[in-house]
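Beneath this line is the structure, given in structure tokens, with notes to follow.
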Amino acid sequence: MTFCFLRHGATKGNLERRYVGATDEPLLRESFEALRLLRLPPVARVYASPMRRCVETAEAAFPGVPLEAVPDLRECDFGEFEYKNYEALKDLPAYQAWLDSRGRLPFPGGESRGDFCLRTVRAFDRLALRAEKLGGDAAVVAHGGTIMAILEARALPRRDFYEYQLQNGRAVIAVWRDGALEIISYP
């Protein structure tokens, strides 16, 4: 079966280069038209983060396709860094320590990358099993970090987490076979 992994369209926080995790902001108006123009493969069902930006993306990119919100596909909990950008954080020792760790330290008051990746990959594994039983291809509409975590863990050939960064509104197409994702289209 084939999975289409689509990162949600752009939000105000994305344009301002903020850490947007728990903030439930809508898509920018111009994102809707860009998503409607995407040429994505047809799918039988869509699994999405329950955050507004992902649900709106799923509805725009896959109109009329059954949508299931999957809570564990939500973005990382950025804790004290939530909705802040580099300019607001650059002088904070906790932020510098987090940067020096290549993002491996937990966010102060938030999730560690390890816990976040474990949560999202387990959620994907569960939905992949359900999707296989139901038959047909599927889409996962989620956040950049969520898609990066899933692809780092399940895509072949193996790549580092940060090598799977997607721009807003971009998709990766992969074939799911024997517990692995074989990427067939990557922007």
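The number of heavy-atom neighbours closer than 6.0 Å to CD of Gln167, taken from other residues, nucleotides and ligands shown, is 12 or below. Counting heavy atoms of neighbouring residues, nucleotides and ligands inside a 6.0 Å radius, atom CZ of Arg45 exceeds 12 of them. Within 6.0 Å of the CZ atom in Arg130, the count of heavy atoms belonging to other residues, nucleotides or ligands exceeds 12.
With Asn14 contributing its side chain and Thr11 its backbone, the two residues share a donor-acceptor pair below 3.5 Å. Not one N or O on the side chain of Arg104 forms a donor-acceptor pair closer than 3.5 Å with the backbone of Trp98. In this structure, the side chain of Asp137 does not engage the main chain of Met1 through any donor-acceptor pair within 3.5 Å. Judged by distance alone, with hydrogens and angles left aside, the side-chain atoms of Arg7 form no donor-acceptor pair with the main-chain N or O of Gly145 at under 3.5 Å. Using a distance-only test at 3.5 Å, with no hydrogens or angles considered, a donor-acceptor pair links the side chain of Glu82 to the main chain of Thr23.
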### Evaluation steps, side-chain contact (heavy atoms from CB on, under 4.5 Å), between Glu152 and Met148
CA-CA 6 Å; Glu152 179 188 43; Met148 291 160 61; over 6 Å; no
### Message
One pair to check against side-chain contact (heavy atoms from CB on, under 4.5 Å): Val121 and Asp125. What are the steps and the verdict?
### Response
CA-CA 6 Å; Val121 171; Asp125 289 346; 3.9 Å; yes
### Task
Test side-chain contact (heavy atoms from CB on, under 4.5 Å) on Lys84 and Leu92 and set out the steps.
CA-CA 12 Å; Lys84 295 182 175 115; Leu92 298 176; 5.7 Å; no
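Cluster annotation: Leu38 and Val43 are assigned to the same hydrophobic cluster (Ile/Leu/Val/Met/Phe/Trp/Tyr, side-chain heavy-atom contacts under 4.5 Å, transitive). The cluster map of Ile, Leu, Val, Met, Phe, Trp and Tyr, joined by side-chain heavy atoms under 4.5 Å apart, puts Phe62 and Leu35 in the same cluster. When hydrophobic clusters are built by joining Ile, Leu, Val, Met, Phe, Trp and Tyr residues whose side-chain heavy atoms come closer than 4.5 Å, directly or via intermediates, Phe32 is grouped together with Val55. With hydrophobic clusters built from ILVMFWY side chains whose heavy atoms lie under 4.5 angstrom apart, Leu151 shares a cluster with Val70. Criterion: ILVMFWY side-chain heavy atoms under 4.5 Å apart, direct or through other members. Under it, Leu129 and Leu134 are not part of a common hydrophobic cluster.
Shortest non-hydrogen contact noted between Ala10 and Asn168 is N-CB, 3.6 Å. Taking all atoms of both residues into account, the shortest heavy-atom contact from Ala44 to Gly136 is CB-CA, 4.3 Å. When all heavy atoms are compared, the tightest approach of Leu40 to Ala171 is CD2-CB, 3.7 Å. In terms of heavy-atom proximity, Ala149 sits nearest to Thr120 at CB-OG1, 3.4 Å. In this structure, Ala138 and Tyr47 approach most closely via the heavy-atom pair CB-CE1, 3.9 Å. Closest non-hydrogen pair, Arg53 versus Leu27, comes out as O-CD2, 3.6 Å.
Within the 4.5 Å cutoff, no side-chain heavy atoms of Leu67 are placed close to those of Val141. Side-chain atoms of Cys54 and His143, non-hydrogen and from C-beta on, do get closer than 4.5 Å to each other. Using a 4.5 Å cut-off on side-chain heavy atoms (C-beta onward), Ser49 and Thr146 make no contact. Within the 4.5 Å cutoff, the side chain of Leu6 has no heavy atoms near those of the Val46 side chain. Counting only heavy atoms from C-beta outward, the side chains of Tyr164 and Arg159 approach each other to under 4.5 Å. Proximity of Phe116 to Glu75: side-chain heavy atoms (C-beta onward) are separated by under 4.5 Å at one or more points. Taking 4.5 Å as the limit, every side-chain heavy atom of Val172 sits out of range of all side-chain heavy atoms of Phe3. At least one side-chain heavy atom of Leu156 sits under 4.5 Å from a side-chain heavy atom of Arg158.
Once rounded to the nearest 0.5 Å, the distance linking OH of Tyr86 with CG of Asp91 reads 8.0 Å. The CG atom of Leu127 sits 7.0 Å away from atom CD1 of Ile150, with the distance rounded to the nearest 0.5 Å. For the atom pair CD (Glu111) and SG (Cys117), the distance works out to 9.0 Å, reported to the nearest 0.5 Å. How far CZ of Arg36 is from CD of Glu59: 10.0 Å, rounded to the nearest 0.5 Å. Atoms CZ and CZ, on Arg102 and Phe161 in that order, are 10.0 Å from each other to the nearest 0.5 Å. Separation of atoms CZ (Arg74) and CE (Met51) is listed at 9.0 Å; rounding is to 0.5 Å.
In this structure, Tyr83 belongs to a hydrophobic cluster whose other members, linked by side-chain heavy atoms under 4.5 Å apart, are Val20.
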Only pairs under 3.5 Å count here: list side-chain donor-acceptor contacts from residues 180-187, not counting sequence neighbours, and write none if there are none.
| residue | atom | partner | partner atom | Å |
| --- | --- | --- | --- | --- |
| Glu182 | OE1 | Arg177 | NH1 | 3.0 |
| Tyr186 | OH | Glu163 | O | 3.1 |
| Tyr186 | OH | Gln165 | O | 3.3 |

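Salt bridge status for Glu87 with Lys90: present, with a side-chain N to carboxylate O gap under 4.0 Å. Taking 4.0 Å as the cut-off between side-chain N and carboxylate O, Arg119 and Asp77 do not count as a salt-bridged pair.
Close placement of the Phe124 and Trp176 rings is indicated, their centers lying within 6.0 Å of each other.
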